[in-house]
Amino acid sequence: MATTSRRSMIQSAGFILGTLAAPSPSHAGTANPFFEEEVNFEPSQQATSNKIDINGAIIVDYMQFPGMYPRAAGKIASHGPYANVRDLYKIPGLSSHDIAMFDKYKKELTVLPPGRMFDERINQRQST
């Protein structure tokens with residue numbers, strides 16, 4: 001009887017401690033709730049209606065569009081920042097195929113202000 005009572009007490013204590021240690025819903029989205037104020041999501045990090053942000057996308061993001069990867073995607077990733085989707089047509093050295101791909105998928109693309117992803121993409125040279 002003493003072992004059963006002890007086991008129940010240990011299990012109850014574990015449950016209570018686990019509940020207390022669990023993050024509250026207001027902190028569930030951060031890795032460390034103590035730095036909640038420091039979390040700053042840039043616009044380029046936020047999802048926008050399933051469109052690809054051409055200022056924040058890396059080349060592999062364009063693989064979902066047949067014919068866009070790797071050449072047209074590499075052209076996009078190698079240039080910028082872009083103010084609007086029409087700026088894609090100003091990229092030097094575009095082929096007729098690149099232009100056709102831009103025409104075909106322009107409704108799937110969007111432009112957000114360049115942020116950290118743009119800088120990282122350019123610094124890492126993830127382009128062709």
Side-chain angles (χ1 to χ4, degrees):
M1 192 76 134
T3 14
T4 307
S5 177
R6 180 189 290 173
R7 185 173 291 153
S8 287
M9 193 181 308
I10 291 172
Q11 288 175 343
S12 297
F15 175 75
I16 291 170
L17 289 175
T19 304
L20 293 174
S24 66
S26 66
H27 294 75
T30 62
N32 189 339
F34 298 105
F35 298 109
E36 182 76 21
E37 299 87 34
E38 293 182 24
V39 176
N40 181 18
F41 295 101
E42 295 185 38
S44 62
Q45 296 171 312
Q46 297 176 359
T48 58
S49 66
N50 298 326
K51 292 186 176 188
I52 299 291
D53 170 29
I54 60 176
N55 278 329
I58 57 174
I59 292 179
V60 295
D61 291 336
Y62 296 97
M63 290 180 79
Q64 63 186 303
F65 306 123
M68 194 85 147
Y69 177 86
R71 181 173 161 75
K75 290 284 191 176
I76 295 170
S78 295
H79 295 81
Y82 304 100
N84 55 57
V85 176
R86 292 182 310 274
D87 285 352
L88 293 177
Y89 297 96
K90 298 176 185 175
I91 296 173
L94 292 178
S95 69
S96 58
H97 176 75
D98 297 333
I99 293 170
M101 292 299 101
F102 295 164
D103 287 340
K104 182 175 181 179
Y105 296 115
K106 65 184 170 191
K107 290 187 180 358
E108 307 296 326
L109 307 174
T110 189
V111 177
L112 294 174
R116 189 183 85 215
M117 289 305 295
F118 176 78
D119 296 334
E120 289 178 8
R121 183 187 76 207
I122 294 299
N123 289 336
Q124 292 177 10
R125 287 290 176 211
Q126 295 178 347
S127 57
T128 57

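What you see is a predicted model, and the numbers here were worked out from it, not measured in a lab. Along the sequence shown, residues are numbered consecutively beginning with 1.
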| query | From Ile52 CD1 over to Ile58 CD1, what is the distance, rounded to the nearest 0.5 angstrom? | reply | 10.0 Å
| note | When rounded to the nearest 0.5 Å, the distance separating CD1 of Ile91 from CD1 of Ile76 is 6.0 Å
| field | Pairs satisfying salt bridge (charged side-chain N to carboxylate O under 4.0 Å, His left out), at least one member in residues 54-65, at least two apart | value | none
| message | Quick one: does any side-chain atom of His97 pair with a main-chain N or O of Gly67 as donor and acceptor, under 3.5 Å? | response | yes
| Counting N and O atoms only, with roles assigned by atom type, does the side chain of Asn55 sit under 3.5 Å from a partner on the main chain of Leu112, one being a donor and the other an acceptor? | yes
| Heavy-atom pair of closest approach, residues Asn84 and Ile54 | O-CD1, 4.2 Å
| Within a strict 4.5 Å, meaning less than it, do heavy atoms of the His79 and Pro92 side chains meet? | yes
| task | Using salt bridge (Lys or Arg N to Asp or Glu O under 4.0 Å) as the criterion, list what pairs up with Asp98, not counting sequence neighbours. | result | Arg71
Considering only distance and modelled atom types, tabulate donor-acceptor pairs under 3.5 Å from the side chains of residues 99-109, sequence neighbours left out.
unit_1 : atom_1 : unit_2 : atom_2 : d
Asp103 : OD1    : Tyr89  : OH     : 2.5
Tyr105 : OH     : Pro66  : O      : 2.9

